[in-house]
Amino acid sequence: MLQSNVYPTAELRAADAAHYLHPFTDFKALAREGSRIIVKADGVWLWDSEGNRMLDGMAGLWCTNVGHGRREIADAVHAQMTELAYYNSFFKTTNAPAIRLAEKLAALAPEHVNRVFFCGSGSEANDTVLRMVRYYWALKGKPSKQIVISRRNAYHGSTVAGASLGGMAPMHGQGGLPIPGIVHIQQPYWFGEGGDLSPDEFGVVAARELERMIHTLGIDNVAAFIAEPIQGAGGVIIPPETYWPEIKRICARHDILLVADEVITGFGRTGRWFGSDFYGLEPDLMPIAKGLTSGTIPMGGVMVSDRVADVVVGIGEEFFHGYTYSGHPTAAAAALETLRIMEEEKLVERVATDIGPYMQARWTALGDHPLVGEARMVGLIGALELVPAKPSRALRFAPVGEVGTLARDISFRNGLVMRAVRDSLIIAPPLVISHAEVDELVRLARLTLDVTWEALKAQGKVAA
Ligand SMILES: *Cc1c(COP(=O)(O)O)cnc(C)c1O
């Protein structure tokens with residue numbers, strides 16, 4: 001049992017408010033409300049300092065794929081730290097866990113992807129991407145190919161390059177982003193932006209924006225297109241079936257690199273090792289992070305295809321790029337143990353054939369709720385679109401985000417961690433979630449919808 005005297009909540013909250021600037025936070029509002037202090041986690045469960053237990057429907061932040069509290073990873077990290085906690089990979093040195101991990105990732109990745117550049121996070125991975133695609137084209141004798149095309153409402157991290165590649169308008173609004181050489185096109189968000197088109201028609205229209213932008217900018221100026229196979233932070237936007245084949249065709253036809261940001265979709269989330277396998281993307285670069293270590297130790301990387309490696313390796317000159325923590329042996333040990341667990345417990349297959357289909361059926365059944373305009377899920381990543389008057393997709397709550405936040409807060413109080421994006425609720429539980437835990441998750445999600453519906457009815461914001 002947790003005892004509140006072990007965690008002096010009030011005192012910790014005061015110190016938190018006084019000294020700790022949290023990510024993506026209104027500091028002043030949080031200091032007023034007080035933060036929730038998470039003190040323990042096991043499997044899909046979290047406990048806060050007041051003894052509340054919650055089901056972690058977001059796998060931390062899309063990362064604890066093998067579940068919280070895995071002693072095997074702690075043991076592997078302990079053993080590695082005792083032997084060699086840190087060394088760098090500069091100056092012609094390397095270390096065994098980083099080598100083994102690179103070898104393992106090459107085996108798991110699509111056929112044509114056999115190398116990895118390690119870094120510390122998904123944001124750093126996308127900084128590496130920006131450097132590497134421009135370097136690639138310079139080496140190919142086409143230095144004018146500099147521009148990277150991305151999508152509005154994409155998320156590629158929070159460093160200067162990551163936030164610029166991302167398409168989050170509020171992030172761009174602070175600090176003069178995006179940096180030059182990055183442009184954004186339509187996202188394949190049918191529910192929100194598809195208008196009167198069918199999903200399949202809209203998928204083609206959204207993809208052809210890429211072709212139009214390439215022509216506008218000039219083929220000689222475009223280096224790459226970057227996209228998440230399924231947009232995560234943007235609201236779990238699952239593209240229509242027609243979208244990716246058309247994007248693939250356009251990239252191949254115009255000879256621009258395709259970067260599949262696998263930071264969320266990598267490591268089993270879709271029921272395949274990578275989202276690129278799920279959609280058959282054959283990308284040129286794949287940024288990875290999050291599930292790589294199941295969130296236990298920060299680590300990221302960029303998986304590099306033979307096409308790109310042949311040039312950047314083949315040239316025989318130094319790539320002036322790298323990080324102190326590239327190939328960190330302790331992080332690599334955590335990643336190796338994570339991947340070993342995933343294989344031993346057949347978690348990818350489990351998402352494809354067992355828990356995935358089970359949860360998809362339970363989750364999409366929430367679409368019958370009067371507040372839910374669409375319930376969607378691939379693998380174990382899904383969303384609920386909250387609307388005031390279904391089946392209309394055009395009528396939405398105003399101001400945007402208020403109802404989503406209300407529902408999110410209600411869900412927390414009910415004991416289920418979901419995340420709100422605009423007026424949708426999103427979910428991505430650990431891949432080890434049991435059938436009984438899925439039942440409990442869906443029961444709590446429905447309770448959240450009911451309580452939210454009643455609150456909105458009382459405010460006259462939905463039809464009674
Ligand atoms: C989380 C995320 C990132 C950024 O990763 P960090 O480790 O937070 O820097 C990049 N791309 C995608 C798709 C993400 O979801």
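Remember, it's 1-based here, ligands and their atoms both numbered in the order they're listed.
Under the 4.0 Å criterion applied to side-chain N and carboxylate O atoms, Glu282 and Lys248 are assigned as salt-bridge partners.
Among Arg419, Met418, Glu374, Glu385, the one residue that satisfies the side-chain contact (heavy atoms from CB on, under 4.5 Å) test with Ser424 is Glu385.
Within 4.0 Å of ligand 1, heavy atoms belong to protein residues Ser121, Gly122, Ser123, Asn126, Tyr155, His156, Gly157, Glu228, Asp261, Val263, Ile264, Lys290.
For the pair Ser276 (side chain) and Pro283 (backbone), a donor-acceptor distance under 3.5 Å is absent.
The salt bridge (Lys or Arg N to Asp or Glu O under 4.0 Å) test applied to Arg100 returns Glu103, not counting sequence neighbours.
With Trp190 as the aromatic partner, Arg393 meets the cation-pi criteria of under 6.0 angstrom to the ring centre and within 45 degrees of the ring axis.
Separation of atoms CE (Met132) and CZ (Phe319) is listed at 4.5 Å; rounding is to 0.5 Å.
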